[in-house]
There are 2 protein chains.
Amino acid sequence: MKNLTLKQLRYFEALARHGHFGRAADACSISQPALSVQIKELEESLGTPLFERSPRHVRLTSFGESFAGRARTILQSVDELGEMARAARGRLYGRLRIGVIPTIAPYLLPKLISHLDEAHPELDVHIRETVTPRLIDELSDGQIDVAIVALPVSEPWMTEVPLFDESMVLVRHESQAELPVPSPDALRAMRLLLLEEGHCFRDQALSFCNIQTAVPREGLDGSSLSTLVQMVGAGIGVTLIPEMAIPVEGRAAPVCVDRFTGKEPSRTVGMIWRKTNPLAHQFDALCDIVRKSGQL
Amino acid sequence: MKNLTLKQLRYFEALARHGHFGRAADACSISQPALSVQIKELEESLGTPLFERSPRHVRLTSFGESFAGRARTILQSVDELGEMARAARGRLYGRLRIGVIPTIAPYLLPKLISHLDEAHPELDVHIRETVTPRLIDELSDGQIDVAIVALPVSEPWMTEVPLFDESMVLVRHESQAELPVPSPDALRAMRLLLLEEGHCFRDQALSFCNIQTAVPREGLDGSSLSTLVQMVGAGIGVTLIPEMAIPVEGRAAPVCVDRFTGKEPSRTVGMIWRKTNPLAHQFDALCDIVRKSGQL
DNA sequence: AATTCTTCATAAGATGAAGTTATCGTAACA
DNA sequence: TGTTACGATAACTTCATCTTATGAAGAATT
């Protein structure tokens, strides 16, 4: 006993509508015998007749009528499926899960989300904020689609696309505004407040100052840039923040912000995703949106 | 660009569930390449990928997930369609439209409907009560499925099945109970009340008395047997009714009921339906139920 | 009553879709 | 650096489906 096919349902629907094999076959762009055979096979596979044939009319049986109702619903759902696919074709669709590291998230997301909302109003954006290694794990097992981090991450199974470079700037207590900007080496001698272990921004700051990361440091690590800046405002030390954070953090405490002279320290912000993700092309478009959001 | 098939949806569902081409193919009882090809064609026909393939996992894309939801619904509806067919296979199903002539309906239907309810509780029985020629018309253009009438009707495109024979009996005013039962010829001289034009029972009565149907008669035709019997009860004349009507009409007025002696007049009650109706076999079973209901 | 028309069913052959086995390429793993 | 696991691809086979041609049967026509 063979199986029901969508084709048969389509043919059936046409015949139910036209009540005439020839015209229904025309409507389906097939020959009349082809339709006859398919209807016959449909009836056989159901084990019960759908039509009453007489030389004059072709009429649905009572069962045929119930069948027609449901068949139409099904065909419609299938067509909607096609519609849905057409709508989704080649664009971001449905749920998009973005991971962002904490030294970027608060400064980038407000703009990014409003831009995304504008470009893809139907998109369901989820945000995950955590440190790079964890983002990479979650990327790896499919919990998120893309991540915005500091490059490089150098995972061979990932695509990484640079978005923009960004300087790191010095934050001192406002009382020190007149003092000259210290060199990296001078900085090493100062009380430099850093994010806790795990944040890549901490490592970048340390490497700028040529400090061995292995050496244990005094217990003054903050859990967010915001915390660090507040501590600087309280006169406890100095810290580094990315340019992006200036508009927010530079006003939030009695501090002054200065660029370094000479070779400025910087980080590259970029987006990463699984190479195997078939939405790669759409992600390129996403990069453009993120870039726009990252501009001050 | 080819068309979506149910097969593809089934394969897709399996792959979404197993996340593994080999195992999904097993589940579908086909080879892995066959599955690969079908999934590929499905994705191509949709114009957008459904899965992200990596050597480790096969994962649904975000679009794939929405697609899977709807696909499952569709597959389920299709299976229900099969279920429905299996339930309906070879039995009366859904709506059954029965036509009955007025000289049978009130005496047969109460029993018939309760028997039908018992045998086919899910059956949706519709009743149409009118005279034979009209029933034949309605049968012809599919407004009813079967009709219960007096045979023969002799339409070549119909099947007619006799159900039972039934005598016609004489109804007189109770004051005449002691008088002998008149012969047909004697009857002709009496005031014989008949149904109005169009009822076959009228013609049967006339032919029993050898009265020319063409001859116009006094304007005393009733629109139902019940009316006729009430008139007899009022002493206006005599009438004939079928046996079946005795239990109801014999008690409803001051009348007496007598069988004719010698050759009793009778009619054959039978069921008719379009020869082309594929439910013919089920209708035979229906005949049995009607026969049972017709027994006193 | 014979004939023609209409319409659906059936048959035979052609075409196309879908399945099979065999094999390859690639990334992960030891 | 082989080895393994897995999906993609290719060549071929099988089966489903379509087309054209034809048959059968009732309705309409003459």
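For the numbers below, each heavy atom of this structure counts, side chains included, while hydrogens, waters and symmetry mates do not. Protein chains get the first letters and strands the later ones, always in sequence-line order, with residue 1 at the start of each.
Here A:P156 lies out of heavy-atom contact (under 4.0 Å) with every strand. Heavy atoms of A:E41 sit under 4.0 angstrom from primed sugar atoms or phosphate atoms, though from no base atom. At the heavy-atom level, A:Y11 lies under 4.0 Å from the strands shown only through sugar-phosphate atoms.
Atom CD of A:E155 and atom P of C:dA27 are 15 Å apart (whole Å). If you take NE2 of A:H57 and P of C:dT6, they are 16 Å apart, rounded to a whole angstrom. For B:R23 and D:dG7, the CZ to C1' distance is 13 Å, given to the nearest whole Å. Atom CD in A:Q38 sits roughly 11 Å away from atom P in D:dT19 (whole-Å rounding). Taking atom CG of A:L35 as the reference point, atom P of D:dC18 lies 9 Å away to the nearest angstrom. In this structure, CG of A:N3 is placed 11 Å from P of D:dT17, rounded to the nearest angstrom. Across the protein-nucleic acid pair, A:I39 atom CD1 and C:dT10 atom P stand 14 Å apart, rounded to whole Å. Atom CD of B:E43 is separated from atom P of D:dG7 by 13 Å (rounded to the nearest Å).
To the nearest 0.5 Å, atoms CZ (B:R267) and CG (B:L151) are separated by 10.5 Å. The line from CD1 of A:I101 to CD of A:E129 is 9.5 Å long, rounded to the nearest 0.5 Å. For the atom pair CG of B:L135 and OG of B:S140, the computed distance is 12.0 Å after rounding to the nearest 0.5 Å.
Taking only side-chain nitrogens and oxygens, B:S31 comes nearer than 4.0 Å to OP1 or OP2 of C:dT20. Side-chain N/O atoms of A:K7 include one lying less than 4.0 angstrom from OP1 or OP2 on D:dC18. Close to C:dA9, at under 4.0 Å from its OP1 or OP2, lies a side-chain N or O of A:R53. Phosphate contact (OP1/OP2 of C:dC8, side-chain N/O of A:H20, threshold under 4.0 Å): present. In this structure, B:S36 reaches the D:dA8 phosphate: one of its side-chain N or O atoms is under 4.0 Å from OP1 or OP2. At D:dT9, one or more side-chain N or O atoms of B:K40 fall inside 4.0 Å of OP1 or OP2 (strictly under the cut-off).
The aromatic rings of A:F12 and A:F51 sit tilted relative to each other, their planes meeting at an angle between 30° and 60°.
Listed nucleotides: D:dT20, C:dA18, D:dC18. Nearest to the side chain of A:P33: D:dT20.
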For this session: Please test B:E52 against A:R274 for side-chain contact (heavy atoms from CB on, under 4.5 Å), starting from the C-alpha separation and ending with a verdict.
Result: CA-CA 10 Å; B:E52 170 180 341; A:R274 295 183 297 279; 2.4 Å; yes
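Checking A:A34 against B:V37, the closest nucleotide of DNA chain C that is more toward the 5' end is the one next to A:A34. Positionally, the nearest nucleotide of DNA chain D for B:G22 lies more toward the 5' end than for the other of B:W157 and B:G22.
Side-chain atoms of B:S54 do not come within 3.5 Å of backbone N or O of A:T276 as any donor-acceptor pair.
The base of C:dA9 is paired with the side chain of A:Q32 by a donor and an acceptor separated by under 3.5 Å.
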